[in-house]
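Have a look at the structure below, then the notes.
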Amino acid sequence: MLKVASWNVNSLRVRLEHVLQWLDAEQPDILALQEIKLTDENLPARDIEAAGYTVLSNGQKTYNGVAILSRGPGEVLATGFPGYDDPQRRVLCAAYGDTAVLNLYVPNGSEVGSDKYTYKLQWLERLEAYTRDLLKDYPRCVLVGDFNIAPADEDVHDPEAWHGKVLCSEPERAAFARLLDTGLSDCFRLFPRDEKLYTWWDYRAAGFRRNRGLRIDHILASPALRDVCRDCRIDIEPRRLERPSDHAPILAEFDL
DNA sequence: ATGGTAGTTCAACTA
């Protein structure tokens, strides 16, 4: 069994205890983290190792930064997209045996029509191209992370209020659909749901208390992994903790 | 077209 998880922790320094607690409870093989907001030198490597994990990272001070914690050793394949020079540390691709894990912190986009929104759409084009190449080399492949896209209205607490807004706009959803067109499956949607479930709730206006959320964190699996995906769920418990991240972890299990 | 909160860093930016 391969258990893969993803969590935007919004500062690993602040959330370290939550992460260690969660690793102990869930024991995933892989935990991809986004928005660690730490440089590689400042990672709490000893705490992570004491928990029984090794870490690969593409860190950055103040903003962004991604890392992958794993039970077994991995090998870095990429820390960005080939030919796309980007000072923002949002990508970490690593191989664990014959399985590739692509950890992503997709740009937020700020506001439809803004420079940041243009950057987001361009970034997503690069991601699609890189994903096509990766799938050729690694039939067993997962894309995980904070995609900052709610793929459909069923992923949004109030679709009317969010209609056309950043995270939900048609161009973003089209980019997400093109990513799935490379052959990937949204693991969460492999299983029927009777209620809307979310991975992110705005800190403002009591978003979590009122369950005003969006499903913007995803685990996308290549055909070989999708065929053996036996579960995918969102764990909202860490969002209830004192001083939580604004995101909840998502995890998937594969029969391998 | 603004506010609400949080993290980093210390006035402002990002989300």
Side-chain angles (χ1 to χ4, degrees), chain A residues 6-22 31-44 47-48 57-67 80 86-92 103-124 127 144-151 155-158 160-169 171-173 175-176 198-218 234-250:
Chain A
S6 176
W7 194 0
N8 179 325
V9 291
N10 184 22
S11 169
L12 182 54
R13 185 170 279 136
V14 173
R15 236 63 70 186
L16 180 61
E17 288 310 314
H18 291 190
V19 169
L20 295 174
Q21 214 178 88
W22 197 78
L31 173 59
L33 301 175
Q34 303 87 36
E35 280 201 274
I36 63 171
K37 301 184 177 181
L38 287 174
T39 56
D40 298 334
E41 316 82 75
N42 286 321
L43 279 181
D47 294 290
I48 291 166
S57 64
N58 183 19
Q60 182 181 333
K61 184 182 153 89
T62 312
Y63 301 116
N64 312 310
V66 288
D86 187 352
Q88 301 188 33
R89 313 316 265 174
R90 299 178 173 278
V91 177
L92 180 58
N103 181 18
L104 303 165
Y105 176 44
V106 176
N108 170 280
S110 184
E111 216 176 304
V112 173
S114 66
D115 289 350
K116 291 193 180 74
Y117 183 76
T118 304
Y119 164 63
K120 180 179 194 173
L121 294 180
Q122 287 171 345
W123 195 96
L124 288 165
L127 169 61
V144 303
D146 177 359
F147 285 72
N148 269 315
I149 300 173
D155 302 310
V156 181
H157 72 275
D158 186 348
E160 289 76 36
W162 280 87
H163 182 260
K165 297 276 202 301
V166 76
L167 312 187
C168 299
S169 73
E172 292 165 85
R173 286 179 170 176
F176 188 82
Y198 314 118
T199 64
W200 171 82
W201 302 259
D202 201 315
Y203 284 126
R204 296 166 290 190
F208 184 67
R209 184 178 56 73
R210 302 196 285 167
N211 197 26
R212 300 173 66 83
L214 300 180
R215 190 177 71 92
I216 57 176
D217 300 83
H218 307 298
I234 298 160
D235 183 6
I236 69 164
E237 291 311 312
R239 189 63 176 78
R240 303 185 197 281
L241 297 172
E242 202 78 29
R243 247 190 136 185
S245 167
D246 46 350
H247 294 251
I250 177 170

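In the text below, chain A, chain B and the rest are named by the order of the sequence lines, each starting its count at 1. For the numbers below, each heavy atom of this structure counts, side chains included, while hydrogens, waters and symmetry mates do not.
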Round to a whole Å and report the spacing from [atom1] of [X] to [atom2] of [N].
X      : N      : atom1 : atom2 : value
A:Y203 : B:dT8  : OH    : P     : 10 Å
A:D246 : B:dA6  : CG    : P     : 10 Å
A:W201 : B:dG4  : CH2   : C1'   : 18 Å
A:L241 : B:dA6  : CG    : C1'   : 16 Å
A:H247 : B:dA15 : NE2   : C1'   : 8 Å
A:K37  : B:dC13 : NZ    : P     : 15 Å
A:L38  : B:dT8  : CG    : C1'   : 11 Å
A:Q60  : B:dA15 : CD    : P     : 10 Å

TODO: Hey, which sits more toward the 5' end of DNA chain B by its nearest nucleotide, A:R13 or A:N148?
DONE: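 Its nearest nucleotide lies further toward 5', so the answer is A:R13.
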Open item on the list: Please compare A:P244 and A:N64 by the position of their nearest nucleotide in DNA chain B and report the one closer to 5'.
Closed with: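 Nearest nucleotide further toward 5': that of A:P244.
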Minimum-distance nucleotide (side-chain atoms of [X] versus [options]):
X     : options              : value
A:S11 : B:dA6, B:dT14, B:dT8 : B:dT8
A:K61 : B:dG7, B:dT9, B:dA15 : B:dT9
A:T62 : B:dT9, B:dT14, B:dG4 : B:dT9

Rounded [atom1] spacing from [N] to [M] in Å:
N      : M     : atom1 : answer
B:dA12 : B:dG3 : P     : 16 Å
B:dA11 : B:dG7 : C1'   : 14 Å
B:dC10 : B:dG4 : C1'   : 22 Å
B:dT14 : B:dT9 : C1'   : 12 Å
B:dT5  : B:dA1 : P     : 23 Å

Considering every strand and a 4.0 Å limit on heavy-atom distances, what is the contact class for [X]: base, sugar-phosphate, or nothing?
X      : result
A:R239 : nothing
A:Y105 : sugar-phosphate
A:R15  : sugar-phosphate

Task: Residue pair A:V144, A:I250: steps toward the side chain to side chain contact (heavy atoms under 4.5 Å, CB included) verdict - done: CA-CA 9 Å; A:V144 303; A:I250 177 170; over 6 Å; no
- [ ] Using the six-membered ring wherever Trp is involved, compare the ring planes of A:W162 and A:H157 and label them parallel, tilted or perpendicular (cut-offs 30° and 60°).
- [x]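 Because their plane-to-plane angle is over 60°, the rings of A:W162 and A:H157 count as perpendicular.
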TODO: For B:dA15, take OP1 and OP2 only and decide whether either is under 4.0 Å from a side-chain N or O of A:R204.
DONE: no
Open item on the list: Keeping A:R210 on the side-chain end and A:A205 on the backbone end, is there a donor-acceptor pair under 3.5 Å?
Closed with: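 Yes, A:R210 side chain to A:A205 backbone: donor-acceptor pair under 3.5 Å.
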TODO: Find out whether the Lys NZ or Arg CZ of A:R215 is both under 6.0 angstrom from the six-membered ring centre of A:Y198 and within 45° of the ring's axis.
DONE: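 Output no; distance or angle outside limits.
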- [ ] Scan A:L12, A:V9, A:N103 and name whichever one has a side-chain contact (heavy atoms from CB on, under 4.5 Å) with A:Q34.
- [x] A:N103
Task: Residue that, paired with A:V106, satisfies side-chain contact (heavy atoms from CB on, under 4.5 Å) out of A:V91, A:L124, A:D217, A:D146 - done: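 The side-chain contact (heavy atoms from CB on, under 4.5 Å) with A:V106 is passed solely by A:L124 among A:V91, A:L124, A:D217, A:D146.
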